[in-house]
Asker: 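Before I ask anything, let me first share the structure, which is written out below as structure tokens.
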Amino acid sequence: AIDVRIELDAGAFAAGGEASDVVGTYQTLYRCPNVRAEQTSVHTNLGPAIAFRAPGYAEAAFALESAMDRLARELDMDPIELRLRNYAEVNQQNGKPYTSPDSLRKCYEVLKNRFSIRKDEIRTEKLQNERDRETPNSPRLRGIGFAAHDWAAGAGHPPAQARVELGEDGGATVVTGTQDIGTGTRTALAQIAAEELGIAVSKVEVRLGDTDANLISPTSAGSSTLPSLGPAVRDAAASAKSRTGGLGERGPNPSGKSVRTCGAQIAEVEVDTETGEVTVLRIVTAHDCGRVINPALVDSQVYGGVTQGLGFGLLEERIVDPALGQVLNANLEDYLVPTAEDLPDIGNATESMPDLEANIIGAKGIGEPPFIPTAPAIANAIYDAIGVRVRDLPITSAKVLAAL
């Protein structure tokens, strides 16, 4: 059984984009016939709750994956094996099978090949680390942690529309109403159009944010831009190539199936038991984003998501007076976020897994998923290192020392 009660600090008023779905992953990530997930929004004398990245799911994953890690240890079972024994191929919220039911299983396998986490190997690695140190009784202990996740980014936000215009010079112009917030939307849409038209990417111009074109486009939310607009651009390019008007649209999601993204991460940390300092040494990721349109852009999203997850897990903290509801952080200079010097070695083991049942290009979102499992993977690694669990984020040095 899974039994969860969630109290969501909604702030003083609703601003849109708040973390409204914290219960979702408890109902979908693992096969479980008995799930009770209750969520209550509580208004407080604070600013409104708004999206950070993968709102709701990141917070839920920290609690759920910490519990799964504890369960695996109580059972003396490999953490991936526990998840495989409770693997979900059907969306338990609606009873529909997933369009890519084996993708999360493949992510597990990729991670196991890249970074084994069997207990005997962890123990051997720890002993080797001790031998490699000049001081045999070092206060610094190493641990390895695992966490999984799911997310609804694969569904996109249909409808979405695009127009492709062919030029006399053999080039093409893609027109949409969407925007590029730094995720490489222009590049990915140009690639999709170029592939369908059989021309070089350099011959494709992408016009974004053109509201005068009166084309429906989604917002930059829910990792939905590519899985929504990509199929529309391909449809428009095919229409232009066949001389039927050059307009394209992203059709509805498959009616009998459920679309999702998913993935997992492994983190290795070192904890100084004298100071409480946590150093993340490396993180390996594997995510299902369907067909990989541009490997460099996927890598970039993974690095960005893991970096933000590092801040969420270890650094970023809003300190509030519990009686007055007043934020006590002095200024943004004291609100810590990761810098380049804080980053571990990040290995992206994500593989292309086209999901043609989801949409005609087989691609799904990757913007938010890399953020979701980072903090719980780090938390589980800290427990593996020191044998005590910190139950709230961020996991600061003071909290580590108090737990010890």
Side-chain angles (χ1 to χ4, degrees), residues 2-12 14-30 32 35-44 46-71 83 93 145-153 221-223 260-265 267 283 285 287 304-320 322 327 329 335-338 365 367-383 389-396 399:
I2 296 175
D3 190 6
V4 57
R5 185 180 71 247
I6 296 155
E7 295 175 358
L8 172 65
D9 182 356
E18 61 272 15
S20 57
D21 186 13
V22 187
V23 298
T25 197
Y26 292 97
Q27 301 169 322
T28 58
L29 184 53
Y30 299 113
C32 183
V35 179
R36 178 169 60 189
E38 301 175 351
Q39 177 175 315
T40 303
S41 293
V42 180
H43 284 290
T44 61
L46 289 166
I50 57 175
F52 184 54
R53 195 171 189 155
Y57 276 65
E59 295 82 355
F62 171 59
L64 177 59
E65 292 303 278
S66 294
M68 289 293 287
D69 186 69
R70 180 180 176 186
L71 180 58
R83 288 161 173 85
Q93 291 177 313
F146 175 87
H149 81 92
D150 64 353
W151 177 240
S223 307
R260 73 163 174 179
T261 59
C262 51
Q265 294 182 9
I283 293 179
T285 78
H287 296 278
V306 170
T307 300
Q308 191 170 350
L310 187 71
F312 179 54
L314 297 178
L315 297 172
E316 299 186 52
E317 184 174 23
R318 180 182 64 168
I319 304 172
V320 177
V327 177
N329 297 67
Y335 184 90
L336 302 179
V337 297
E368 287 155 294
F371 169 69
I372 302 174
T374 303
I378 292 172
N380 291 338
I382 292 172
Y383 177 85
R389 193 170 295 279
V390 181
R391 301 181 182 276
D392 62 298
L393 299 178
I395 302 177
T396 61
K399 291 178 184 177

Asker: If we ignore angles and hydrogens, is there a donor and acceptor under 3.5 Å between the side chains of H287 and Q265?
Answerer: yes
Asker: Return yes if some donor-acceptor pair links the side-chain N/O of K399 with the main-chain N/O of V390 below 3.5 Å, else return no.
Answerer: no
Asker: Sequence neighbours left out, what pairs pass side chain to side chain donor-acceptor pair (under 3.5 Å) with at least one residue falling in residues 61-71?
Answerer: Y30-E65, E65-R83, D69-R73, D69-R389
Asker: With rounding to the nearest 0.5 angstrom, report the CZ to CG distance, R260 to D150.
Answerer: 5.0 Å
Asker: Quick check: closest heavy atoms across P369 and S223, and the distance to 0.1 Å?
Answerer: CD-OG, 3.7 Å
Asker: Can you find a heavy atom in the side chain of I6 that is under 4.5 Å from one in the side chain of V23?
Answerer: yes
Asker: What heavy-atom pair brings T25 and A60 nearest, and what distance separates the two atoms?
Answerer: CG2-CB, 3.4 Å
Asker: Determine yes or no for a side-chain-to-main-chain donor-acceptor pair under 3.5 angstrom, with D21 supplying the side chain and G56 the backbone.
Answerer: no
Asker: Apply side chain to side chain contact (heavy atoms under 4.5 Å, CB included) to residues Q93 and T28 and explain how you reach the verdict.
Answerer: CA-CA 7 Å; Q93 291 177 313; T28 58; 3.5 Å; yes
Asker: Check the pair L46 / R318 against side chain to side chain contact (heavy atoms under 4.5 Å, CB included), numbers first and verdict last.
Answerer: CA-CA 11 Å; L46 289 166; R318 180 182 64 168; 3.8 Å; yes
Asker: Minimum heavy-atom separation for P373 to A148, with atom names?
Answerer: CB-O, 4.1 Å
Asker: Are the side chains of V337 and L315 in contact, using a 4.5 Å heavy-atom criterion?
Answerer: no
Asker: Using every non-hydrogen atom in the two residues, find where T261 and G365 come nearest and quote the distance to one decimal.
Answerer: CG2-O, 3.7 Å
Asker: Of the non-hydrogen atoms in A10 and S41, which two are nearest, and what is the gap between them?
Answerer: CB-CB, 4.3 Å
Asker: Do H149 side-chain atoms and I372 backbone N/O form a donor-acceptor pair below 3.5 Å?
Answerer: no
Asker: Nearest 0.5 angstrom please: I395 CD1 to L314 CG, how far?
Answerer: 6.5 Å
Asker: I'd like to check F371 versus V306 (side-chain heavy atoms, cut-off strictly below 4.5 Å). Are they in contact?
Answerer: no
Asker: Do F146 and N380 make a side-chain contact, defined as non-hydrogen atoms from C-beta onward lying under 4.5 Å apart?
Answerer: no
Asker: Anything under 30° is parallel, anything over 60° is perpendicular, the rest tilted; go ahead and classify Y57 against W151.
Answerer: perpendicular
Asker: Rounded at 0.5 Å granularity, tell me how far CG in D9 sits from CD in E59.
Answerer: 11.0 Å
Asker: Can you tell me if N329 uses its side chain to pair, donor with acceptor, with the backbone of Y335 under 3.5 Å?
Answerer: no
Asker: Under a 3.5 Å distance rule, please check whether Q39 uses its side chain to pair with a backbone N or O of V22 as donor and acceptor.
Answerer: yes
Asker: Where is the tightest heavy-atom contact between P338 and E316, given as atom of each residue plus distance?
Answerer: CD-OE2, 4.4 Å
Asker: Do side-chain atoms of T40 reach the backbone of E7 as a donor and acceptor pair under 3.5 angstrom?
Answerer: no
Asker: Flag the pair T374 / I283 as yes when at least one side-chain heavy-atom distance between them is below 4.5 Å, and no otherwise.
Answerer: yes
Asker: Looking only at the side chains, is there a donor atom on one of E317 and T396 sitting less than 3.5 Å from an acceptor on the other?
Answerer: no
Asker: Measure the CD-CD distance between E368 and Q308 for me, rounded to the nearest 0.5 Å.
Answerer: 9.5 Å
Asker: Would you sort out whether L310 and I378 count as a side chain to side chain contact (heavy atoms under 4.5 Å, CB included), showing the intermediate values?
Answerer: CA-CA 8 Å; L310 187 71; I378 292 172; 3.6 Å; yes
Asker: Go through F312 and L393 one step at a time and tell me if the side chain to side chain contact (heavy atoms under 4.5 Å, CB included) criterion holds.
Answerer: CA-CA 7 Å; F312 179 54; L393 299 178; 3.6 Å; yes
